[in-house]
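Residue numbering restarts at 1 for every chain, and letters A, B, ... go by the order of the sequence lines.
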Number of protein chains: 2
Amino acid sequence: MAKQVRLTLKMLADELGLSTCTVSRVLNGKGQQYRIAEKTMQRVLEHAHERGFSPNLVARGLRMKQTQAVGLVLPDLSNTFFAKIARSVANVANQNKFTLEVCDSQDSIDLEIEVLSLLRNRQVDGLIICPVGIDSEHLRILESGAPPAVLVDRYFPNLRLPYVASDNAGGAEAATRHLVEHGHRKIVCLQGLPNTITNVHRLDGFRRVLQVNKIRFRNYMIAGGGFTIESGYQATRKLLEQGHSFTALLTLNNLIALGALKALHEARLNVPEDVSLVTFDTIEGVDFFSSPLTTVSQSPRKIGERAAIMLFDLIYDRGGQDRGGQAVEQIHLPTRLTNRQSVRKLPV
Amino acid sequence: MAKQVRLTLKMLADELGLSTCTVSRVLNGKGQQYRIAEKTMQRVLEHAHERGFSPNLVARGLRMKQTQAVGLVLPDLSNTFFAKIARSVANVANQNKFTLEVCDSQDSIDLEIEVLSLLRNRQVDGLIICPVGIDSEHLRILESGAPPAVLVDRYFPNLRLPYVASDNAGGAEAATRHLVEHGHRKIVCLQGLPNTITNVHRLDGFRRVLQVNKIRFRNYMIAGGGFTIESGYQATRKLLEQGHSFTALLTLNNLIALGALKALHEARLNVPEDVSLVTFDTIEGVDFFSSPLTTVSQSPRKIGERAAIMLFDLIYDRGGQDRGGQAVEQIHLPTRLTNRQSVRKLPV
DNA sequence: TTGAAAGCGTTACCAT
DNA sequence: ATGGTAACGCTTTCAA
């Protein structure tokens with residue numbers, strides 16, 4: 001199987017009777033700048049096109065010390081939320097003639113560390129990361145700005161890294177307020193992974209609204225402990241078994257909601273007649289649920305897009321990311337409450 | 001901003017008072033093979049670890065003419081189906097110490113062509129592609145096997161390329177049979193993009209079962225023309241407006257189903273009381289729909305995994321992909337019908 | 001207006 | 001048991 005040889009710049013130059021550097025210049029649009037004869041340029045361009053030449057980007061990457069590639073690390077590519085982030089990042093990257101190298105950390109800190117080092121060894125020009133957990137030491141090195149990195153969705157307050165996330169506290173407040181305004185006082189928040197910033201902020205918002213409305217916080221009001229279907233399911237089952245008389249559930253992401261729904265369903269409890277429910281994130285086809293869910297939705301598309309744009313600003317050195325500077329851009333995008341009637345108005 | 005210099009093999013060698021090639025050998029585990037002194041190896045390994053050295057993969061890629069990267073081209077990363085494919089491909093790739101370069105062709109043939117050439121210029125060692133449409137000329141070049149490529153989900157019979165897809169005809173047959181066995185004879189199939197192999201095979205299966213059951217095919221029995229929510233919605237609306245008296249719908253993917261559901265809902269028609277429905281693909285949370293849908297589901301995870309494994313076989317030259325050979329592996333994975341009671345039993 | 005040559009960080013051939 | 005040197009394919013400095 002004779003590995004067919006790719007056309008190289010040198011071959012092209014030989015065919016043209018020119019030096020590689022002349023050809024390189026023309027092909028990179030630096031013909032004017034180097035005052036290469038109009039005629040020569042024509043000849044080169046034409047021939048290159050004819051022979052279908054395109055440069056070896058690996059060689060170029062080595063020489064220029066930049067690969068035109070960015071890395072993206074996500075905890076679960078099969079979750080629509082992250083998939084949408086991936087899509088918008090990919091599109092922005094491609095628009096910039098960059099390639100996107102995607103890794104799925106499978107919610108494992110070890111894998112995250114591993115792929116991160118893999119990507120860095122591959123000399124990516126930038127990194128977008130949705131860090132998996134609560135440990136952040138391995139991200140410290142990114143504070144140096146080489147390569148530039150932007151965090152999405154989750155971040156660490158003690159890390160001087162730019163990020164794009166949702167206004168989680170605000171979203172939780174809106175959701176909780178919605179419940180309270182409908183007369184609910186016995187609300188259980190099914191949380192995600194404790195100590196992640198996302199979870200912390202959402203809980204903050206939740207408690208704040210309780211407090212403002214003089215609802216005494218009790219321990220049973222926070223249950224669960226993971227952003228998974230399983231966690232939502234188990235937590236809800238346990239609540240029901242223990243006979244807590246809550247009237248409403250606030251689930252901190254789509255998966256937890258699905259799990260809770262399953263448990264409620266098994267217990268023959270209906271939403272919103274028996275239990276009211278508000279959840280973070282949307283669910284595909286939620287409009288066709290037997291009771292469509294009221295949601296606090298984020299915009300993963302915008303998160304990804306914004307993060308990618310920030311990253312390219314850093315890569316192209318717009319926006320002054322010098323590490324001494326104070327300007328580490330940190331963004332909280334607004335969330336939106338969509339009322340789909342999964343909250344019952346309680347009698348006063 | 002002084003770009004901090006990365007540690008190179010040469011620096012390491014200098015520090016050790018050895019030549020780069022010795023260090024390189026040790027680090028690549030070829031110490032034994034080249035009979036490098038046990039002591040030296042120790043020294044090298046230790047020092048490298050101490051200094052946290054890791055090789056520049058771009059340079060290595062150039063030198064070795066292989067980048068340890070594979071490309072993945074998908075029409076829409078935000079569709080769970082493709083996202084799941086992406087995830088499993090990414091995982092297999094990472095297990096093999098490869099990186100995955102993902103591109104979203106946004107269902108545009110032009111973009112597909114563009115990213116394909118981008119990926120090839122980046123010298124990826126292999127390609128997995130879910131081609132967007134009906135044109136395949138730009139894929140012809142991949143028949144040469146350099147770089148090796150595997151198609152997923154969609155493919156072209158006139159192209160000698162390996163692929164992994166679902167048994168679409170079989171799936172459609174199962175679905176249609178299910179409907180017929182429940183007494184339905186006025187069935188409308190809401191198709192996807194005409195002329196794509198996926199669509200063609202599903203229609204084949206559909207018609208075959210009609211024929212076997214002596215149900216005369218009529219034109220209104222195939223409607224729509226795209227794998228999108230919009231297409232499903234519009235087609236269903238039109239059907240209703242025109243007053244065709246169908247009793248069942250077979251939708252050829254999840255998005256079409258969602259669109260059809262929306263139209264039915266607006267017309268205050270219920271599933272399955274007024275209209276029965278079976279759809280290809282699953283939908284997140286379909287179990288909680290007011291009427292859960294009976295589905296013919298594929299396994300995107302398996303498709304991706306299988307394709308990735310096939311690709312690595314080709315890359316590592318297992319499985320003899322020499323282009324003279326007859327063995328272009330083409331696989332149809334089985335589908336599964338999950339009955340969720342969205343088909344009503346009609347009186348005889 | 002063009003070219004020679006160095007260099008990016010590796011690996012591999014051929015010496016010693 | 002180890003090292004010198006070329007080579008991978010490109011860009012860029014300096015020279016002509």
Novice: Base, sugar-phosphate alone, or nothing: which one does A:Leu57 contact when heavy atoms must sit under 4.0 Å apart?
Specialist: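 Since no nucleic acid heavy atom lies under 4.0 Å of A:Leu57, the category is nothing.
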Novice: If I take atom CZ from residue B:Arg6 and atom CZ from residue B:Phe53, how far apart are they, to the nearest 0.5 angstrom?
Specialist: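 Interatomic distance, B:Arg6 CZ to B:Phe53 CZ, rounded to 0.5 Å: 7.5 Å.
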Novice: Please determine if a side-chain N or O atom of B:Lys39 lies less than 4.0 Å away from the OP1 or OP2 oxygen of D:dA1.
Specialist: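 For D:dA1, neither OP1 nor OP2 has a side-chain N or O of B:Lys39 closer than 4.0 Å.
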Novice: Any side-chain N or O of B:Arg63 less than 4.0 Å from the OP1 or OP2 oxygen of D:dA7?
Specialist: no
Novice: What does B:Gly31 touch in the nucleic acid at a heavy-atom separation under 4.0 angstrom: a base, only the sugar-phosphate, or nothing?
Specialist: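 Nothing, no nucleic acid heavy atom in range.
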Novice: Reckon B:Thr22 has a side-chain N or O less than 4.0 Å from the OP1 or OP2 of D:dT2?
Specialist: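 B:Thr22 to D:dT2 OP1/OP2: no side-chain N or O under 4.0 Å.
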Novice: Ignoring backbone atoms, establish whether A:Lys30 has a side-chain N or O less than 4.0 Å from OP1 or OP2 of D:dT12.
Specialist: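 Checking A:Lys30 against D:dT12: at least one side-chain N or O falls below 4.0 Å of OP1 or OP2.
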Novice: Are any of the side-chain nitrogens in A:Glu46 or A:Arg43 under 4.0 Å away from the carboxylate oxygens of its partner?
Specialist: no
Novice: Taking only N and O in the side chain of B:Ser24, is any of them less than 4.0 Å away from OP1 or OP2 of C:dT10?
Specialist: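 Negative; the distance criterion is not met.
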Novice: Considering only side-chain heavy atoms of B:Cys21, which listed nucleotide, C:dA12, C:dT1, D:dT11, is closest?
Specialist: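 For B:Cys21, the side-chain atoms sit closest to C:dA12.
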Novice: If the cut-off is 4.0 Å, is A:Ser19 near the phosphate of C:dG3, judged by side-chain N/O to OP1 or OP2?
Specialist: yes
Novice: Suppose we call a contact any N or O donor and acceptor under 3.5 Å apart; does that hold for the side chain of A:Arg25 and the base of D:dT13?
Specialist: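 Check passes, donor-acceptor contact within cut-off.
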Novice: Verify the contact: side-chain N or O of B:Asn28 to OP1 or OP2 of C:dT11, cut-off strictly under 4.0 Å; return yes or no.
Specialist: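 Affirmative; the distance criterion is met.
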Novice: Between B:Lys65 and D:dA7, is there a contact of a side-chain N or O with OP1 or OP2 at under 4.0 Å?
Specialist: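 Result: no.
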Novice: Among C:dT2, C:dG9, D:dC10, find the nucleotide with the atom closest to the side chain of A:Arg60.
Specialist: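 When the side chain of A:Arg60 is considered, D:dC10 is the closest of C:dT2, C:dG9, D:dC10.
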Novice: Let me know, please, whether B:Ala59 or B:Leu18 comes out on the 5' side of the other along DNA chain D by nearest nucleotide.
Specialist: B:Leu18
